[in-house]
A.B. asks: 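Please find one structure pasted underneath; my questions will follow.
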There are 2 protein chains.
Amino acid sequence: MAATSARARTQSDRSSEMQQKLIAATIQSLIDKGYARTTAVEVCARAGVTRGALFHHFESLPALIAVALSDTYDRLLLGSRPSEADITIEQWITWAWSRVSQRQFKAVIEIWLASRNDPESTADIQPAIERYKEIFTPSESNPLYKRFGSDKKAGAFYRLAVETMLGLALGRAANPNGAALDHEQIVLDQLCAYAREIDTQ
Amino acid sequence: MAATSARARTQSDRSSEMQQKLIAATIQSLIDKGYARTTAVEVCARAGVTRGALFHHFESLPALIAVALSDTYDRLLLGSRPSEADITIEQWITWAWSRVSQRQFKAVIEIWLASRNDPESTADIQPAIERYKEIFTPSESNPLYKRFGSDKKAGAFYRLAVETMLGLALGRAANPNGAALDHEQIVLDQLCAYAREIDTQ
DNA sequence: TTACATACATTCACGTATGTATGTAAATGG
DNA sequence: CCATTTACATACATACGTGAATGTATGTAA
């Protein structure tokens, strides 16, 4: 009953479905168990497959993690990017925090920190990390920054706001169940207050 | 030539010297190799002793890490706390960053994030983590906060500044050799600018 | 100097992770 | 419809980390 397209299950369908299952299981494992305990056994158990499937589609676990990171990147940050035309800094903060505060972002932080210490995986994962950082790193290729970067103070505040939100995200990641810090809203309100100062200037 | 007090090496001397050696090796391993690769084997190799020594003085590796964390806490943060009498917020930021920017702080972040995911160690380490957070968490027991917390805006900024510095510290920890981010100084300058606004109010 | 406690070193038994080699079922193409 | 490839599962070899058991050296008190 379930699969209406059950008959058209081509090889390439099986492949991409399996890969998506493994990617989802990887991210969830990173959130639940952290980087060190995200093993091939753990990921495959969550996906309901054997390690044979993983090693068929990916060269190694770090290779899978790298793909999972890029996938999360696209899904979380690029998909819903606000139009750069007439956005205020306050609106940008609201948008950015709505992304960074997602549970999936803990997976990103885990990878940032832990993969750096893992020589077996750093070669695979580092390129994906660099891609990730671009969106928050002001540069000419970043349309949002071009909007704010012209003004010196706005540019400095842009970078400050990013670091503040990363600090809050780190606090969530280090908290038992990823719960928000008590003073999270206070910090965000203060950040928005500073943003409005610049917006109304 | 080295040890002038070579003759007075009592048992308790040997113990505390060994414990200090193990603590130092643990912190350095956390900085160099991260939490997951800080094993009992690794720590003992750095300290130049066998695992027998470690397990003689500490119940387990997590227990040693917990002690190392508390030790770093005292050394890094409590030792040089500024006098709360007439400090400005800008001075406080300068002091706090001079602490958080130390390489040893990467060890703290590693523990914050990774030990949470390690059920074997969380019972040992969590109490030490709680101790750590107090100094940055505004509360009645925190003399620095009492100085700023009376003013609502100053209190909000205090918390914001902490999160911003933690974000910068995370960036350093995730960087190859713990190098500073390119825009670190820009963010700190902006933070100080906001601090002066409140100080001169 | 004898008797004991403390401080370590050595060894081994065990669990768990990785990578690979081999087997089998499901698609695809002639 | 059969040959071949693709997609997985199973089994095994290897490596590494932990913890406990046991052995040895060094300090300490009678």
Side-chain angles (χ1 to χ4, degrees), chain A residues 3 5-23 25-26 29-30 33-67 114-115 117-125, chain B residues 3 5-23 25-26 29-30 33-67 114-115 117-125:
Chain A
S5 64
R7 197 59 277 126
R9 223 178 106 86
T10 168
Q11 292 278 57
S12 122
D13 284 343
R14 291 174 69 187
S15 282
S16 52
E17 282 172 21
M18 174 64 76
Q19 288 173 20
Q20 276 309 119
K21 253 204 297 189
L22 288 168
I23 288 172
T26 302
S29 174
L30 285 166
K33 303 211 143 193
Y35 185 91
R37 305 188 72 206
T38 294
T39 67
V41 174
E42 172 69 26
V43 168
C44 292
R46 284 170 183 266
V49 297
T50 66
R51 290 170 53 251
L54 193 161
F55 282 98
H56 177 71
H57 289 286
F58 302 94
E59 269 197 7
S60 62
L61 178 63
L64 166 57
I65 292 177
V67 173
S115 76
N117 297 318
D118 183 7
E120 312 280 299
S121 71
T122 184
D124 285 322
I125 298 178
Chain B
S5 65
R7 197 58 278 126
R9 226 178 102 88
T10 169
Q11 291 279 56
S12 120
D13 285 342
R14 292 176 68 190
S15 281
S16 53
E17 282 172 22
M18 174 63 77
Q19 287 172 20
Q20 275 311 119
K21 252 203 300 188
L22 287 168
I23 288 172
T26 302
S29 174
L30 285 166
K33 304 209 140 193
Y35 185 91
R37 302 188 74 207
T38 294
T39 67
V41 174
E42 172 69 26
V43 168
C44 291
R46 284 171 182 265
V49 298
T50 66
R51 291 171 51 250
L54 193 160
F55 282 98
H56 178 72
H57 289 287
F58 302 93
E59 269 196 9
S60 61
L61 178 62
L64 167 56
I65 292 177
V67 172
S115 77
N117 297 318
D118 183 8
E120 312 281 300
S121 71
T122 183
D124 286 320
I125 297 179

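Numbers restart at 1 for each chain; the letters A, B, ... are given by sequence-line order, proteins then strands.
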A.B. asks: Ignoring hydrogens, what is the shortest heavy-atom contact between A:T122 and A:S115? Give both atom names and the distance.
C.D. replies: CB-O, 3.8 Å

A.B. asks: Measure from CD on A:E59 to P on C:dT18 and round the result to the nearest Å.
C.D. replies: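 Atom CD in A:E59 sits about 15 Å away from atom P in C:dT18.
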
A.B. asks: Among B:R51, B:K33, B:R37, find the residue that satisfies the salt bridge (charged side-chain N to carboxylate O under 4.0 Å, His left out) test when tested with B:E42.
C.D. replies: B:K33

A.B. asks: Rounded to the nearest angstrom, tell me the gap between atom CD in A:E17 and atom P in C:dA27.
C.D. replies: 11 Å

A.B. asks: Rounded to the Å, how far apart are B:L64 CG and D:dG19 P?
C.D. replies: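 Roughly 12 Å, once rounded to whole Å.
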
A.B. asks: Walk me through it: do B:C44 and B:T50 pass the test side-chain contact (heavy atoms from CB on, under 4.5 Å)?
C.D. replies: CA-CA 6 Å; B:C44 291; B:T50 66; 5.9 Å; no

A.B. asks: Whole-Å distance between D:dT18 C1' and B:F55 CZ?
C.D. replies: 6 Å

A.B. asks: Taking for each residue the nucleotide of DNA chain D with the nearest heavy atom, is it A:L54 or B:T39 whose nucleotide lies nearer the 5' end?
C.D. replies: A:L54

A.B. asks: Without decimals, in angstroms, what is the distance between A:F58 CZ and C:dG19 C1'?
C.D. replies: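 The distance from CZ of A:F58 to C1' of C:dG19 comes to 17 Å, rounded to the nearest Å.
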
A.B. asks: Taking CG from A:L22 and C1' from D:dA9, how many angstroms apart are they, rounded to a whole number?
C.D. replies: 14 Å

A.B. asks: Is the count of non-hydrogen atoms from other residues, nucleotides or ligands lying under 6.0 Å from A:E17 atom CD greater than 12?
C.D. replies: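 Counting other residues, nucleotides and ligands, CD of A:E17 exceeds 12 neighbours.
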
A.B. asks: Which dot-bracket string describes DNA chain D (Watson-Crick N1-N3 plus N6-O4 or O6-N4, or G-U N1-O2 and O6-N3, all under 3.5 Å; [ ] crossing; | other strand)?
C.D. replies: ||||||||||||||||||||||||||||||

A.B. asks: Applying side chain to side chain donor-acceptor pair (under 3.5 Å), name anything that partners B:R14, two or more places apart in sequence or on another chain.
C.D. replies: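 Testing B:R14 for side chain to side chain donor-acceptor pair (under 3.5 Å), a comparison that skips the adjacent residues, returns B:Q11.
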
A.B. asks: Between A:L61 (CG) and C:dT18 (P), how many Å, whole number?
C.D. replies: 6 Å

A.B. asks: What's the shortest heavy-atom distance between A:A63 and A:D124, and which atoms?
C.D. replies: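 So the minimum-distance heavy-atom pair works out to N-OD2, 3.8 Å.
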
A.B. asks: Is there a side-chain contact (heavy atoms from CB on, under 4.5 Å) between B:V43 and B:L22? Walk through the geometry before answering.
C.D. replies: CA-CA 7 Å; B:V43 168; B:L22 287 168; 4.2 Å; yes

A.B. asks: Walk me through whether A:T26 and A:V67 qualify under side-chain contact (heavy atoms from CB on, under 4.5 Å).
C.D. replies: CA-CA 10 Å; A:T26 302; A:V67 173; over 6 Å; no

A.B. asks: Between A:D118 (CG) and C:dT18 (P), how many Å, whole number?
C.D. replies: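 Between P of C:dT18 and CG of A:D118: 10 Å.
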
A.B. asks: Between A:S16 (side chain) and A:S12 (backbone), is there a donor-acceptor pair under 3.5 Å?
C.D. replies: yes

A.B. asks: Encode nucleotides 6-13 of chain C as B, S and - characters from 5' to 3', where the letter depends on protein heavy atoms closer than 4.0 Å: B to the base, S only to sugar-phosphate, - to neither.
C.D. replies: BBBBB---

